[in-house]
Amino acid sequence: MTLVIVLAAGSPAAGLPTHAGATLADRLADQWRGAGASQVRHAADLAELAALADAATGPVIVSGADLVAHTAVLRHLATSPVGPTVALVLTDPPAPGRAVVREERGQVVDAAVDGQLDGGATGVFGGALRVGLDDLPALAAAARAADSGGSPAGAALGPDPAGPAVDRLFAGLTALGTLTLAHRVRLLVAHRVADPAGLAAAEATLGAVDEDKAELRLSVKEKDDFFTTYFVSTWSPYVTKACARLRLTPTGVTAISVLFAVAAAVLFGVGGRPALVTGAVLLYLGFMLDCVDGQLARYTRHFSAWGGWLDTMADRAKEYVVYAGLGYGATAAGYRYGWALAIAAMTLQTVRHMTDTWYGVLHDEAARRPKAAGVGGGGIGDKLNAASTRVQADTGSLSYWLKRTVVFPIGERWALIALTVALFDPLVSLVAVLTWGVLAFAYTGALRTLRARWMRVPVLDTVDATLHRDDGPLAARFPALRPVGPLTLAVIGVLGPAALLVAALLRVGGDGDPAGLRWAVPAALLVLLVAGLGAGAAHNGPLDWLVPAALRAGEYVFAVAVGVVAGVPAWVVFGYVFVLTLHHYDLTARLEKRQAAPPLHPWTLGWEGRSVLLAIAAIGGFAAVVMATLGTYLFMVFVGSVVLAWVVLPARARRAAGVPARGGVRQPG
């Protein structure tokens with residue numbers, strides 16, 4: 001249930017007659033109802049708005065009365081999935097009494113009515129914002145402060161502040177530090193007007209745009225990767241439109257894309273040129289449907305945290321199932337290391353994704369603390385940051401596409417797999433994926449490390465570090481070796497398993513018996529457990545965002561090393577690491593969607609607990625059974641957490657609140 005408050009105070013345009021005869025304020029109220037608002041109220045002043053915010057039990061939309069926009073613009077703001085509090089931001093020229101904003105990475109980091117910002121303005125406030133339930137107290141406080149002629153930050157606005165009250169309210173809310181995301185308008189029309197001439201011009205612009213066609217084009221991501229932009233998004237909107245007419249849900253399209261990927265993996269395993277070519281075509285079509293599910297969600301405005309989580313998990317599961325098909329196919333064709341390459345590709349990609357996630361969190365945190373991010377400016381990190389910003393702004397240029405392609409995004413990965421497997425064989429495909437993946441990891445890792453040292457913003461100390469380290473009960477009891485730092489300890493922890501794995505592979509390559517290295521498993525485990533000494537230390541170093549990725553690498557490499565030393569079938573090792581990736585992607589997906597920890601997370605034993613069990617099994621000579629059993633157990637815990645988090649617990653909450661169940665929706669991918 002969403003309440004819309006139309007605030008006309010300080011806006012003479014509210015009473016202007018529109019071409020249909022109604023006043024602009026009344027037409028805007030009708031549009032908000034058409035956009036899905038359950039209740040629309042008019043507030044005479046900021047004091048009345050504060051009282052309404054105090055009494056609200058759900059999200060509140062505050063709208064000025066001088067906005068001329070397509071109804072779709074209002075609906076997009078009301079349903080925006082980027083965050084609980086979202087503001088409309090326009091590119092119109094600044095006007096007296098209206099707020100200008102500065103945004104970074106989609107976050108409004110500053111807003112001011114007088115135009116005095118800490119940095120240049122990147123847009124103007126569009127006169128409407130959606131405020132999440134948790135931010136309503138801040139909204140009420142900002143309204144009361146602005147009503148009294150001041151701001152929550154203590155700055156005086158003057159005895160008779162001019163301009164629309166909604167702008168002073170928004171500036172005050174920003175001054176309180178409320179995390180507000182920016183909602184930009186593309187293809188559709190939204191303008192703020194002040195006189196009859198401006199109203200007439202805005203209405204003429206409004207009528208010149210086909211709203212439905214614009215919405216369909218908007219379903220495509222604004223900035224996507226090269227392959228997706230030119231080889232998928234050029235025709236996928238037609239499929240999106242057809243899916244909407246057939247009343248398919250985004251989740252249904254995701255399920256179909258999973259089936260395509262599984263079918264492609266099976267064909268890659270079967271081998272033979274017809275099967276490989278058919279599998280490549282199915283893989284391409286599956287990726288197209290993977291784009292369509294997000295486009296359908298944006299087109300139909302069906303968003304939810306569940307949908308976003310499902311999209312993330314399905315993408316990774318599909319990709320790794322394809323790796324399994326390639327590994328099996330290469331092995332069946334007589335190549336000795338087919339499964340090994342598949343395991344390596346999965347491990348590399350997961351560690352890369354962990355760094356991607358946490359580097360994104362680092363950037364978001366830096367945007368919220370721009371002054372802290374500027375410490376040490378002028379060095380190589382500052383120059384790299386400025387260069388990256390210039391390249392990103394030069395949309396469509398050669399440097400822009402090179403920057404987006406060299407990092408090896410998902411579209412390019414799937415395209416490379418499809419082409420190499422169709423033209424050559426699964427082994428060449430895996431080698432190509434690993435080669436480009438390693439180069440991309442080296443490139444992004446080096447540049448991000450330099451930029452992160454320049455930003456010097458702690459990230460892991462803003463979240464539950466124990467959860468995202470995936471520590472278990474053993475690590476919680478380790479003493480904290482604070483002077484060394486958690487990242488150094490995590491990197492040291494990787495070295496033991498890596499040395500064991502290299503030694504085991506050398507024996508296998510020399511036709512030796514890796515089982516003779518069983519004595520080295522406890523030593524490798526002890527080195528790995530060194531990473532646990534950083535569990536109790538502060539994770540506030542400039543590079544500590546790399547800790548989760550280092551811990552993932554350490555655990556995966558140790559599991560693979562145990563598998564090689566103990567002679568565990570390669571497909572069992574792959575399956576075990578695959579289940580681990582599901583568990584860890586679950587953690588990062590919940591972080592990105594601002595969800596709580598998995599309900600059964602304590603039952604996963606932690607990275608150190610799982611590693612200890614594998615080491616004991618390797619020493620005792622029953623590693624294959626334990627690895628298969630532990631993998632099955634972890635998968636059951638994962639499924640149990642999914643059912644509890646997304647079905648059982650929400651149903652209980654609805655029953656307790658007396659709210660009827662609603663149909664499932666999703667967040668765009």
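Along the sequence shown, residues carry numbers from 1.
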Once rounded to the nearest 0.5 Å, what's the spacing between atom [atom1] of [X] and atom [atom2] of [Y]?
{"X": "Leu136", "Y": "Asp54", "atom1": "CG", "atom2": "CG", "answer": "8.5 Å"}
{"X": "Leu248", "Y": "Thr254", "atom1": "CG", "atom2": "OG1", "answer": "11.0 Å"}
{"X": "Asn540", "Y": "Asp461", "atom1": "CG", "atom2": "CG", "answer": "5.5 Å"}
{"X": "Arg590", "Y": "Met313", "atom1": "CZ", "atom2": "CE", "answer": "9.0 Å"}
{"X": "Glu203", "Y": "Thr18", "atom1": "CD", "atom2": "OG1", "answer": "5.5 Å"}
{"X": "Glu215", "Y": "Asp210", "atom1": "CD", "atom2": "CG", "answer": "10.0 Å"}

Is any side-chain heavy atom of [Y] closer than 4.5 Å to one of [X]?
{"X": "His353", "Y": "Thr588", "result": "no"}
{"X": "Trp545", "Y": "His539", "result": "no"}
{"X": "Arg98", "Y": "Asp66", "result": "yes"}
{"X": "Glu365", "Y": "Met455", "result": "no"}
{"X": "Asp311", "Y": "Asp290", "result": "yes"}
{"X": "Leu176", "Y": "Leu139", "result": "no"}
{"X": "Arg184", "Y": "Thr91", "result": "yes"}
{"X": "His19", "Y": "Arg27", "result": "yes"}

Worksheet item: Crowded around Arg41 CZ? As in, over 12 foreign heavy atoms under 6.0 Å?
Response: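 Atom CZ in Arg41 is not crowded, with 12 or fewer foreign heavy atoms closer than 6.0 Å.
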Practice prompt. Might you confirm whether atom CZ of Arg217 has over 12 heavy atoms from other residues, nucleotides or ligands at distances under 6.0 Å?
Written response: no
For [Y], does its backbone N or O pair with a side-chain atom of [X] as donor and acceptor, under 3.5 Å?
{"X": "Arg301", "Y": "His76", "answer": "yes"}
{"X": "Gln295", "Y": "Val239", "answer": "no"}
{"X": "Asp167", "Y": "Ala99", "answer": "yes"}
{"X": "Thr405", "Y": "Leu402", "answer": "no"}

Item to complete: Show the numbers, then the answer: is there a salt bridge (Lys or Arg N to Asp or Glu O under 4.0 Å) between Arg105 and Asp364?
Response: CA-CA 7 Å; Arg105 288 179 59 86; Asp364 289 341; 2.9 Å; yes
Examine the side chains of [X] and [Y] and answer whether a donor and an acceptor come within less than 3.5 Å of each other.
{"X": "Thr228", "Y": "Asp225", "value": "no"}
{"X": "Thr178", "Y": "Thr180", "value": "no"}
{"X": "Tyr230", "Y": "Asp224", "value": "no"}
{"X": "His70", "Y": "Glu211", "value": "no"}

Worksheet entry | Trace of the side chain to side chain contact (heavy atoms under 4.5 Å, CB included) decision for Arg448 with Trp358 | CA-CA 11 Å; Arg448 288 173 176 178; Trp358 286 101; over 6 Å; no
Discussion item. Between Asp30 and Arg33, does the salt bridge (Lys or Arg N to Asp or Glu O under 4.0 Å) criterion hold? Intermediate values first, please.
Written reply: CA-CA 5 Å; Asp30 289 338; Arg33 294 185 184 96; 2.8 Å; yes
Ignoring hydrogens, what is the shortest heavy-atom contact between [X] and [Y]? Give both atom names and the distance.
{"X": "Asp586", "Y": "Pro598", "answer": "OD2-CG, 3.5 Å"}
{"X": "Thr444", "Y": "Val407", "answer": "CG2-CG1, 3.5 Å"}
{"X": "Asp45", "Y": "Ala9", "answer": "CA-CB, 4.3 Å"}
{"X": "Asp544", "Y": "Pro548", "answer": "O-CD, 4.0 Å"}
{"X": "Arg456", "Y": "Pro458", "answer": "O-CD, 3.9 Å"}
{"X": "Gly58", "Y": "Leu133", "answer": "N-CD1, 3.8 Å"}

Worksheet item: Are Ser397 and Ser399 close enough, and set up right, to give a side-chain hydrogen bond (donor to acceptor under 3.5 Å, both in side chains), and what steps lead you there?
Response: CA-CA 5 Å; Ser397 67; Ser399 58; 3.1 Å; yes
Item to complete: Carefully, step by step, assess Val189 and Val73 under the rule side chain to side chain contact (heavy atoms under 4.5 Å, CB included).
Response: CA-CA 8 Å; Val189 175; Val73 171; over 6 Å; no
Worksheet item: What's the verdict on side chain to side chain contact (heavy atoms under 4.5 Å, CB included) for Val62 and Phe170, showing C-alpha distance, side-chain angles and the deciding distance?
Response: CA-CA 9 Å; Val62 179; Phe170 177 63; over 6 Å; no
Name every donor-acceptor pair, under 3.5 Å, that has one atom in a side chain of residues 123-131 and the other anywhere in the protein, sequence neighbours excluded.
from	atom 1	to	atom 2	distance (Å)
Arg130	NE	Pro84	O	3.3
Arg130	NH1	Leu77	O	3.3
Arg130	NH1	Ala78	O	2.9
Arg130	NH1	Ser80	O	3.0
Arg130	NH2	Ser80	O	3.0
Arg130	NH2	Gly83	O	2.3

Worksheet, complete the sentence: Sorted by chain and number, sequence neighbours left out, salt bridge (charged side-chain N to carboxylate O under 4.0 Å, His left out) with Arg186 holds for Glu222
Item to complete: Please name all residues satisfying side-chain contact (heavy atoms from CB on, under 4.5 Å) with Ala65, sequence neighbours left out, ordered by chain then number.
Response: Val6, Ala8, Ala14, Ala25
Discussion item. Please determine whether side chain to side chain contact (heavy atoms under 4.5 Å, CB included) holds for the pair Leu24 and Val68, giving the CA-CA distance in whole Å, both sets of side-chain angles, and the decisive distance to 0.1 Å.
Written reply: CA-CA 8 Å; Leu24 181 55; Val68 177; 3.9 Å; yes
